[in-house]
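Written below as structure tokens is the structure these notes are about.
None of the values given here were measured: they were computed from a predicted structure. Whatever order the structure lists ligands and atoms in, that order sets their numbers, starting from 1. All heavy atoms count here, side chains included; hydrogens, waters and symmetry mates do not.
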Amino acid sequence: MTQPSVLLVEDEPAQRAVLSYNLESEGFRVIQAENGEEALLLVDEDTPDIVVLDWMLPNVSGIEVCRQLKMRKDTRALPIIMLSARSEEVDKIRGLETGADDYVTKPYSVLELMARVRTQLRRARPGSVATQLDFNDITLDTENHRVSRADKEIKLGPTEFRLLTTFLEKPGRVYSREQLLDRVWGRDIYVDTRTVDVHIGRLRKALCQHGGEDPVRTVRGAGYALG
Ligand code: CA
């Protein structure tokens with residue numbers, strides 16, 4: 001399995017850095033472009049497996065880039081996920097039928113975007129992304145949203161599911177409450193850090209419903225980790 005590559009087109013350096021960091025930690029090779037012209041040039045030089053494309057770009061807009069890529073025979077099959085600032089814009093681009101494969105509306109959680117990227121990539125390149133995450137007797141399937149522990153099914157709410165996905169991607173890594181907020185809830189949404197504690201409590205309860213030790217570790221003064 002070769003490392004999948006993603007072309008990330010975003011003009012805001014801070015957003016580009018966050019996304020790039022997260023895509024890299026998901027195992028992607030990231031090719032960065034800060035505008036549409038650069039994106040179109042880079043596609044020829046180094047064809048990616050997937051494109052994450054911001055809608056609001058200077059000069060050549062994301063829509064235009066999308067349209068051009070979808071018109072060309074050699075890039076037509078390339079999955080494109082568009083990032084859009086407001087839901088009205090999503091409707092607008094839907095109406096324009098640019099041919100984007102998926103849309104994510106800002107503010108989005110990084111985890112949500114990563115899940116969409118994996119989904120698109122799975123469609124385009126079956127077998128290129130793992131769908132199952134494991135830690136000891138815990139198994140999580142990112143595709144059909146199933147969780148089990150010691151072969152017994154565990155029912156989780158959507159937030160607890162995203163929390164567990166985050167932990168399972170890097171078992172042992174300590175996440176601060178702020179980092180969990182960023183990944184699970186999205187950085188632009190105001191949620192009190194105590195909310196994290198509430199959902200961690202629910203996750204623990206759910207994971208221990210059929211017995212077994214609590215796999216979530218509280219790291220005093222730092223946050224939470226799995227194992
Ligand atoms: Ca932008």
Side-chain angles (χ1 to χ4, degrees), residues 3-72 74-124 129 162 165-166 169 178-191:
Q3 192 184 22
S5 58
V6 56
L7 172 62
L8 172 63
V9 193
E10 165 69 80
D11 58 317
E12 285 143 67
Q15 293 212 29
R16 204 168 58 238
V18 170
L19 286 177
S20 177
Y21 170 81
N22 281 287
L23 285 161
E24 273 166 12
S25 39
E26 296 271 323
F28 288 94
R29 182 168 65 84
V30 182
I31 307 157
Q32 298 187 27
E34 54 185 68
N35 57 53
E37 295 91 329
E38 198 183 356
L40 290 166
L41 285 174
L42 282 170
V43 162
D44 290 329
E45 271 173 34
D46 187 359
T47 308
D49 294 301
I50 186 163
V51 182
V52 173
L53 180 62
D54 189 29
W55 190 69
M56 293 285 281
L57 294 169
N59 306 322
V60 182
S61 73
I63 286 182
E64 189 49 35
V65 174
C66 183
R67 204 187 338 246
Q68 290 198 27
L69 291 175
K70 289 296 179 185
M71 256 166 28
R72 280 169 42 180
D74 57 330
T75 51
R76 190 175 291 158
L78 199 56
I80 300 177
I81 297 180
M82 292 210 67
L83 307 177
S84 151
R86 296 199 313 267
S87 51
E88 300 97 280
E89 288 167 357
V90 172
D91 292 337
K92 202 171 154 193
I93 32 184
R94 278 217 179 98
L96 288 169
E97 289 178 344
T98 52
D101 298 273
D102 203 358
Y103 303 90
V104 177
T105 310
K106 294 176 182 179
Y108 53 83
S109 82
V110 169
L111 206 65
E112 159 96 33
L113 176 61
M114 294 305 133
R116 306 274 191 109
V117 168
R118 277 197 297 266
T119 302
Q120 287 304 324
L121 204 55
R122 252 196 317 271
R123 269 183 210 149
V129 248
R162 292 202 297 269
T165 306
T166 299
E169 281 170 348
E178 288 75 16
Q179 283 170 332
L180 289 172
L181 278 177
D182 258 15
R183 279 190 71 84
V184 175
W185 281 265
R187 64 173 41 224
D188 296 330
I189 294 170
Y190 180 77
V191 183

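When the Ca ion (ligand 1) is compared with the N/O/S atoms of D11, atom OD1 turns out nearest. Looking at E12, its N, O or S atom nearest to the Ca ion (ligand 1) turns out to be OE2. Among heteroatoms of the N, O or S kind in D54, OD2 lies nearest the Ca ion (ligand 1).
For R116 and D101, the salt-bridge test fails: no basic side-chain N is under 4.0 Å from an acidic carboxylate O. In summary, R118 and E169 engage in a salt bridge, as defined by a charged side-chain N under 4.0 Å from a carboxylate O. Under 4.0 Å is where a charged nitrogen must lie from a carboxylate oxygen, and between D102 and R123 no such pair does.
Among the backbone and side-chain atoms of Q15, no N/O/S atom is found under 3.0 Å from the Ca ion (ligand 1).
Evaluated for a side chain to side chain contact (heavy atoms under 4.5 Å, CB included) with L53, the options L8, I81, V9, L7 yield exactly one hit, V9.
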